[in-house]
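Quick notes on the structure that follows.
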Amino acid sequence: MTRPAVPPQQPASDEPAGYDPATVERKWQAYWQAHGSNVADLERGQRPFYALMMFPYPSAEGLHVGNLFAFTGNDIYGRFQRLQGHTVFEPLGYDAFGIHSENFAIKVGIHPAELIPRNIDNFRRQLKRAGLMVDWSHELSTTDPGYYKWTQWVFLQLYKQGLAYKKKGAVNWCPFDKTVLANEQVIAGACERCGTLVEQRFLEQWFFRITDYAGRLLANLDHLDWSESTKTAQRNWIGKSVGAEISFPVVDMTVYGASTATSGNGDAPVAPPSVRVFTTRPDTIFGATYLVLAPEHPLVDAITHDDHRVEVRDYVARSAKQDLVTRKTSKEKTGVFTGAYATNPATSRPIPIWIADYVLMEYGTGAIMAVPGHDERDHEFAREYDLPIVAVVAPEGDADAVNVTGAAYTDTDGGRLVNSQQFDGMTVAEGCAAVVAELAARHAAKPVVNYRLHDWCISRQRYWGPPIPIVYCDDCGAVPVPESELPVLLPQIDDFRPDDSGVSPLARHEEWYHTACPQCGKRARRETDVSDTFLDSAWYFLRYPSTDFDDVPFDQALTKKWLPVTSYIGGNEHAVLHLLYSRFVTMVLKDAGHIDFDEPFTRFRAHGMIVREGAKMSKSRGNVVNPDQYIEEWGADAFRTYLMFLGPFEEGGDFRDKGISGVKRFLDRLWRSVQDADRSAPADPDVRRKLHQTIRKVGEDIPKLSYNTAIAAMMEYMNAMRAGERTPRLEEVKPLVQLVSPFAPHIAEELWSMLGETKSVFDSGWPAYDASLVEDERITMAVQVNGKTRGTVQVSRTATQDEVMAAVMADAGLAKFITGTPKRVVFVPGRLVNIIV
RNA sequence: GCGAGAGUGGCGAAACUGGCAGACGCACCAGACUUAGGAUCUGGCGCCGAAAGGCUUGGGGGUUCGAGUCCCCCCUCUCGCACCA
């Protein structure tokens, strides 16, 4: 690609022009725009590098400094890769659908369709001021019909694979946002957006079978180059548990002389069912002294003894009414006895069946075998209701001494089975295997793996999202909208506020709601729920390279060339939401044959959080950093560089208003160094050496995202170059401009052109360092006596122990510590000498 | 409770596979140039001490010639999950 010459330099005059960031930045932003400097040639570009950042939600408040922190970190890495010769694609878009936008629109009384474009304009303006190397020709917004058409297409692909289904079930309902939430959006029983306590409702909802992919989502993590903390968060969220399902046959009541449990309608008694429980500790089955069913368990009615029916119904009704918060956060155990018993298949003894809300219907089988001797929750419950507690595991060699009446013994490493007949003496692991094998032979158990992960509920009874592309026909049932008829446009509704009915506002738009069945043509009704925002963002990275294509979601050739994403940078708040969903959708599209990779992000790094003067930024505290204001005052270059300097990128840092001046001073000095540079004198050997060390250091630090130390190294070099009012030489300062360019792109461009270069600095190539110069010839070696540092000696880098000792003894200040002949000398070449006397 | 991460000067922070703790920057002090400027430059700046020297990486043990770094115990903070059997 040929590049036009840069604009004419400022006319030479006696008075060198001072550094005015505003002028410089305006000039180069205009230049980049006019010359398409940031537009990646996706078809022909060599060595593709897809530098992706998490797209922002375009809030009315404008760009948050946290956004800019993340984007700058990504931009530096991207610009560096470009200097390394890659074609770098750095796209940006807007995650503009969703409850957040809608609620804000309701609050200010402006329709989101009007508000969002305004916010986006403001975001774009702010982003452009930051000097990001964004390829604006591939901008996207999830609210654009040309985008959400394909979000609906993604839904249909899942539907076709049998991975989208509708189910009536207990769901999390936010009474404030008036919509259903995914489990991931409920934090400690409250809505993550508004903090309102979440209620339980029974609604028909669309779900994605992400649980079918749990094993693969978990296994793949081992091979991903991602932040370890993010991988751990995903592992925990998926929550694999290996165990067994065990059947406990319900005892026929009449054997015990009790009245028969009836089905309630006078039918003949049915054969007593079995209660299937899930456990990760089958080894403790001899200690299972009672069973517990979740209140919603389907067997509750059938097994409940007549004498206990009233209490049981009462308890079940109460727990259904109870909001999830009370149920999930109160640790107090409550329950009720059903009057029924089941046979423990290991002991063949009857044990009582209880109902308690500490057992969750959503997990496992909704029923457990309670082992109060070895599970804290069961223990607590057993003490509350006076149920028997039996020890069946004891620390090795301590079989008689174990006491589980005071507390459950839950250690799985040191224990051996006791009171467990033929299994006595086995370790926990051996016992688990042996018990399952024994019960399996009698068809009473089977090994099972369970995951905490739930299917992804994607229905939202709201307005501001992509309509789910399904039509209901009285004859044909649920019919997917044919792909050729996408998008199902979101109709303009003036009063889009949600109500308490559990039905989306879209149902109120009669004309839209009634449609023809795509299959039989008869009158039919549209699905009125919209999909979760997380579906919009679960595939956006596939769209960026292909934004020019209307007829396909993503072009095959471009996708093959540019994906998976080379480098993804974003916040760890999305560790389990967005990142897990994106991986899932990618796997599904791979399985459907649309793409040929099953992990979307080759490398992911989570950035840290910025606080201000030690405190978290928040609107209510009024301490939010407005990027505009700082860019105005200090310039985007200083602002960017400061953000990267204030702490390690992956940990975040503390934004202190005064700190930015140090970075600004550095840029000022760089400016003057170029202005004053001695163009004839050769580089000083020592400075030259330092330069090459700095080139190496910065080049090593950037890929590690150690931006703060890279900047420190450049400052150190600056100090060396200008030490003692020294005039830097042209050769010394010129490569520094290149090193600085990823951090402070505008000033770098300006200085580069001042140095007489006609191409953009970003096409100049990263400077190479001379390996022979990066090691100093003479080094300062530490001298310790008895492990205590007493001073240093200047020696050659390759000095031997004898040479170093000679230097030490020649130094009176050091020699005085050495009395007599050293007992021992520890010599670490090139580092230190430790003399033991 | 479980999981992850972190505790280093007045402050933000550096420190490779164990090898001069505090790089770089802010703030502060002194000085130069000049004079009212949020400019530039020089020097100083962990703590105690006049100095010699001693002490110092949340606390306590340990391994080692040598520990911010490795091991054990404890304390504090941040974030995530939260009855998942």
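Just so we're on the same page: letters track the sequence lines, and every chain starts at 1.
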Check: Phe381(A) ring centroid to Tyr290(A) ring centroid under 6.0 Å: yes
Mutual orientation of the aromatic rings belonging to Phe649(A) and Phe69(A) [parallel < 30°, tilted 30-60°, perpendicular > 60°]: tilted
Nearest-angstrom distance, [atom1] atom, [N] to [M]:
N: G10(B); M: G3(B); atom1: P; answer: 35 Å
N: G80(B); M: C11(B); atom1: C1'; answer: 29 Å
N: G46(B); M: A51(B); atom1: P; answer: 13 Å
N: A13(B); M: A23(B); atom1: P; answer: 15 Å
N: U69(B); M: G19(B); atom1: C1'; answer: 11 Å
N: C74(B); M: G25(B); atom1: P; answer: 42 Å
N: G12(B); M: A21(B); atom1: P; answer: 23 Å
N: C47(B); M: G66(B); atom1: P; answer: 28 Å

Quick one: which of [options] gets closest to the side chain of [X]?
X: Gln784(A); options: G19(B), A4(B), G25(B); value: G19(B)
X: Trp237(A); options: A82(B), C83(B), C24(B); value: A82(B)
X: Arg790(A); options: G12(B), G54(B), A4(B); value: G54(B)
X: Phe645(A); options: A4(B), A13(B), C24(B); value: C24(B)
X: Ile836(A); options: C41(B), C65(B), G25(B); value: C65(B)

Which part of the nucleic acid, if any, lies within reach of [X] when heavy atoms closer than 4.0 Å are counted: base, sugar-phosphate only, or nothing?
X: Leu832(A); answer: base
X: Asp378(A); answer: nothing
X: Asn572(A); answer: nothing
X: Lys823(A); answer: nothing
X: Leu646(A); answer: sugar-phosphate
X: Arg726(A); answer: nothing
X: Phe827(A); answer: nothing
X: Glu716(A); answer: sugar-phosphate

Atom [atom1] of [X] to atom [atom2] of [N]: distance rounded to whole Å?
X: Asp668(A); N: G37(B); atom1: CG; atom2: C1'; answer: 14 Å
X: Leu643(A); N: G25(B); atom1: CG; atom2: C1'; answer: 15 Å
X: Lys690(A); N: A23(B); atom1: NZ; atom2: C1'; answer: 9 Å
X: Met609(A); N: G12(B); atom1: CE; atom2: C1'; answer: 16 Å
X: Leu360(A); N: A85(B); atom1: CG; atom2: C1'; answer: 9 Å
X: Asp375(A); N: C2(B); atom1: CG; atom2: C1'; answer: 14 Å
X: Met718(A); N: G25(B); atom1: CE; atom2: C1'; answer: 14 Å
X: Lys664(A); N: C26(B); atom1: NZ; atom2: P; answer: 13 Å

[X] side chain near [N] phosphate (N/O to OP1/OP2, under 4.0 Å):
X: Arg452(A); N: A85(B); answer: no
X: Asn236(A); N: A82(B); answer: no
X: Arg669(A); N: C41(B); answer: yes
X: Arg665(A); N: C41(B); answer: no
X: Thr789(A); N: A21(B); answer: yes
X: Arg656(A); N: C26(B); answer: no
X: Lys231(A); N: G80(B); answer: no
X: Lys788(A); N: C55(B); answer: yes
X: Ser241(A); N: A85(B); answer: yes

Side-chain donor/acceptor contact of [X] with base of [N] under 3.5 Å:
X: Lys658(A); N: C11(B); answer: no
X: Arg831(A); N: C16(B); answer: yes
X: Glu633(A); N: G38(B); answer: yes

Write down the partner of [N] under the Watson-Crick or G-U wobble criteria, each distance required to be under 3.5 Å.
N: G12(B); answer: C24(B)
N: C2(B); answer: G80(B)
N: A67(B); answer: none
N: U35(B); answer: none

Torsion-based syn/anti label for G54(B), 90° from 0 as limit: anti
5'-most by nearest nucleotide on RNA chain B - Asn719(A) or Ala723(A): Asn719(A)
Tyr363(A) vs Ala713(A), nearer the 5' end of RNA chain B by closest nucleotide: Ala713(A)
Pair Asp455(A), Thr211(A): side-chain N/O donor-acceptor within cut-off below 3.5 Å: yes
No-hydrogen, no-angle side-chain donor-acceptor test under 3.5 Å, Asn572(A) and Ser229(A): yes
His692(A) (side chain) donor-acceptor with Lys690(A) (main chain) under 3.5 angstrom: no
Salt bridge present between Arg726(A) and Asp676(A) (N-O < 4.0 angstrom): no
Heavy atoms of other groups near Glu700(A) CD, more than 12 under 6.0 Å: yes
Non-hydrogen side-chain atoms of Phe743(A) and Ile702(A) separated by less than 4.5 Å: yes
Beyond-backbone contact of Arg790(A) with Ile835(A), side-chain heavy atoms, under 4.5 angstrom: no
With Tyr642(A), the ring-ring contact (aromatic ring centres under 6.0 Å, His included) member among Trp634(A), Tyr707(A), Phe655(A): Phe655(A)
